[in-house]
There are 2 protein chains.
Amino acid sequence: MANKEVTIKDVAKLAECSPTTVSRVINNSDHPVSKDTAEKVEAAIEKLNFSPNRIAQGLKSDKSNIIGVIVHDICDSYFAQMVKGIEEFISGHEYIVNIYNTSRSVEKELYAVSMLKANRADAVVFAGGALMDKEYEKKMYSIVEQLKGQGTVLLGVTPHPFDINNISLGNKKAAAIIADYLVENGHRKIAFIDGPEKLYTSYLRREGLKESLLKHDLDLEDELIFPGDFSFEGGRKAALKLLDKIDEITAVVGANDATALGLIWELNNQGIKVPSDISVVGIDDLPEAKYSYPPLTTISLPIHQLGTNIGKYLLESLTSDQITDLINIEMQLIKRKSVKKLG
Amino acid sequence: MANKEVTIKDVAKLAECSPTTVSRVINNSDHPVSKDTAEKVEAAIEKLNFSPNRIAQGLKSDKSNIIGVIVHDICDSYFAQMVKGIEEFISGHEYIVNIYNTSRSVEKELYAVSMLKANRADAVVFAGGALMDKEYEKKMYSIVEQLKGQGTVLLGVTPHPFDINNISLGNKKAAAIIADYLVENGHRKIAFIDGPEKLYTSYLRREGLKESLLKHDLDLEDELIFPGDFSFEGGRKAALKLLDKIDEITAVVGANDATALGLIWELNNQGIKVPSDISVVGIDDLPEAKYSYPPLTTISLPIHQLGTNIGKYLLESLTSDQITDLINIEMQLIKRKSVKKLG
DNA sequence: AATTTGATGGAAAACATTTTCCAAAGTCAA
DNA sequence: TTGACTTTGGAAAATGTTTTCCATCAAATT
């Protein structure tokens, strides 16, 4: 309950001038204001502790200064880093970053988008669900429909190409690098712990692995693809299921670091040695990846940097009308201790 | 660049009525509208895909629907969970949650507050720095000054009592529980890895431990307090420094889980067995705490629940004018495997 | 002296809503 | 029929800015 808001009129009264003039000094407009009055206005602003009402400004300028960020889970290290990257760039430039946590629920995604629309968000970053599912895709269309025409970035969001900046995170490539590395090290029988069912990212990583293995005349056998869900727990459970086939497999790749980490943990727990008994590799390079036993070999996707890139991109496309470059991050194989060279 | 915004006037024109009437059906006001016209309005809204401009609404109602959340680091599991808790409750109720990542920089804290003021935030949750430092405290006063009178929650923010909801997280108590438990298990020579210097939370946890140990006629010796910074890395470094005194110490408590985890990791690395050679305990109960070797005994501070509680509290204090209860979370000692019973 | 120019400032409209106040018309009781 | 009330609806003011247009005055140019 702000005790009667201080307005530009109050400032004008105190500075003995018109609101127009106050506005001019606030926005140091082209229209000249004499040194004298400008100072009086400044003094009045200072004295009244006035700050212009962004809402009123927004109404006039048809800008909300809101940037929406829709993610699956802020607690997930992956998204957290991205959000932080975006925030770093955006918040410092008078924008509001407005986050939504959707837990991969389409309803929540739709809700978030409708909120952002109602609030006339200037831009939105959608790092949402991306399920490969007819029903979902239909709803997705409706989401993207709402988003269209706004300054908007979609993050690897569906298999379908929308005519909006849809950034690929190089998931396939990441998996391919791993495949090559493993084969190079003599591995022939490779298992995969999948990500969440139907998730586009899971698909990409799985297919990337499969395709690349195929190039080496190797097969990613169906019975060596174990279900997972991108979580540590999922990795643990997968380890248990994998126990049967442990003798035939020489390496296993987790769909992400969290599952690879869970995998290693449970393997240790079961008395199976990584990498001497079996090699493990992940994708993401989470901060904790280097602290597993043994430290995890993985692919680094500099997701924080992706965030700052997105922030920068959005800022530029909102402020200057210059068309900016695509956003690119370079991935890298981080060789640690969880892969053994065979033969 | 929204292609000419659809306004309430457009709807009115299509529905052949006045903007007033449209507004009435949107907000289903007390003022009666005939079934007939209401339907025409609904149809027009549907057809034009109209959603009322929240900014204009905000200007009229002097409400922004913005809730600011200022935290040190969104990537920190601790804060991430809290933010998620708040978001869960708040976003679903037509509020915008606007986050700021301050990295414990007073300048960024001040900036965040000024942004929130300019945007007329309806409430703010400040989980900021809280340094025990004269200079900082002065600036802190100015921050709190700006915040006063708004629906605001301060999170264990400084040693000084401000007349604003300032929630204590029970840091002292958490440390006290640990002290009792350790003593109960025969430990007499206890070390502490500190949190960031000058941070109020560090102070509380350290003092809690010290005071509680004193009750058992035990001393937390100054040379057994090692510097740390709440991070895994900090824990590791502390472990290295602790090596000298490893023979005299039987237990070490980390200022938080991250440092305890780093501690355990480096101890393992150095061939020192936890808990047979030395016991370790943390505070926070991070999700990963149960996956260290051995699983970490710690205090659970249900921080996610704290977040939802805060969300609920804010929502109530913004919508109903009923005074709501204080926010409380219960902490709990989680006994896992990192503490050995002596004697 | 008349005109132009430049500097400075204000009045009022506009932005998309909600709200207050008034009006018309129908219904009911007397 | 008159008056009162109810139902329904609109006109206009108001919210805090910015912007467009106009006005004044002094200095400079003709």
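Lettering of chains follows the sequences in order, A, B, ..., and the numbering in each one begins at 1.
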Output yes when at least one side-chain N/O atom of A:Ser23 is less than 4.0 Å from OP1 or OP2 of D:dT18, else no.
yes
Taking every heavy atom of B:Glu94 against every heavy atom of B:Arg54, the minimum-distance pair comes out as OE1-NH2, 3.0 Å
Can you check the B:Phe50 CZ to C:dA16 P distance for me, whole Å?
10 Å
Would a distance-only check, ignoring hydrogens and angles, find a side-chain to backbone donor-acceptor pair under 3.5 Å from A:Thr102 to A:Glu109?
no
Nearest-Å distance for atom pair CG/C1', residues A:Leu59 and D:dT15:
9 Å
Hits for side-chain contact (heavy atoms from CB on, under 4.5 Å) against B:Asp76, two or more places apart or cross-chain, chain-then-number order -> B:Asp73, B:Tyr78, B:Phe79
Can you see whether A:Ser18 engages A:Thr21 through a side-chain donor-acceptor pair at a distance of less than 3.5 angstrom?
yes
Is the phosphate of D:dG10, meaning OP1 or OP2, less than 4.0 Å from a side-chain N or O of B:Ser18?
yes
Measure distances between side-chain N and O atoms of B:Thr20 and base N and O atoms of D:dA11, and say whether any donor-acceptor pair falls under 3.5 Å.
yes
Using whole Å, what does the distance between atom C1' of nucleotide C:dT19 and atom NZ of B:Lys63 come to?
16 Å
A:Asn53 has an atom CG; how far is it from atom P of D:dA14, in whole Å?
18 Å
Check this for me: does the side-chain of B:Lys60 come within 3.5 Å of the base of C:dT17 through a donor and an acceptor?
no
Using whole Å, what does the distance between atom P of nucleotide C:dA16 and atom CD of A:Gln57 come to?
17 Å
Using a 3.5 Å distance criterion without hydrogens, assess whether the side chain of A:Ser103 forms a donor-acceptor pair with backbone atoms of A:Ser105.
no
Roughly how bent is the helix from C:dA1-D:dT30 to C:dA30-D:dT1 end to end, in steps of 10 degrees, with each end axis from five pairs?
60°
Has the side chain of A:Arg24 got a donor or acceptor that lies under 3.5 Å from a partner of the other kind on the base of C:dG10?
yes
Side chain A:Asn101, main chain B:Lys84, donor-acceptor under 3.5 Å
no
What are the residues of residues 27-41 of chain B, sorted by number, that bring a heavy atom to within less than 4.0 Å of DNA chain D?
B:His31, B:Pro32, B:Val33, B:Ser34, B:Thr37
Could you tell me how far apart B:Asn65 (CG) and C:dT18 (P) are, to the nearest whole angstrom?
12 Å
Considering the options B:Leu147, B:Asn98, B:Asp122, which one meets the side chain to side chain contact (heavy atoms under 4.5 Å, CB included) requirement together with B:Leu116?
B:Asn98
Given side chain to side chain donor-acceptor pair (under 3.5 Å), test A:Ser91 with A:Glu87 step by step and report yes or no.
CA-CA 5 Å; A:Ser91 271; A:Glu87 197 274 345; 2.9 Å; yes
Taken to the nearest whole Å, NZ/A:Lys9 to P/D:dT18 is 13 Å
Is any N or O donor-acceptor pair between the side chain of A:Arg54 and the base of D:dG16 shorter than 3.5 Å?
no
So do B:Met140 and B:Val144 actually touch side chain to side chain, heavy atoms under 4.5 Å?
yes
Can you tell me the distance, in whole Å, between the CG atom of B:Asp10 and the P atom of C:dA16?
9 Å
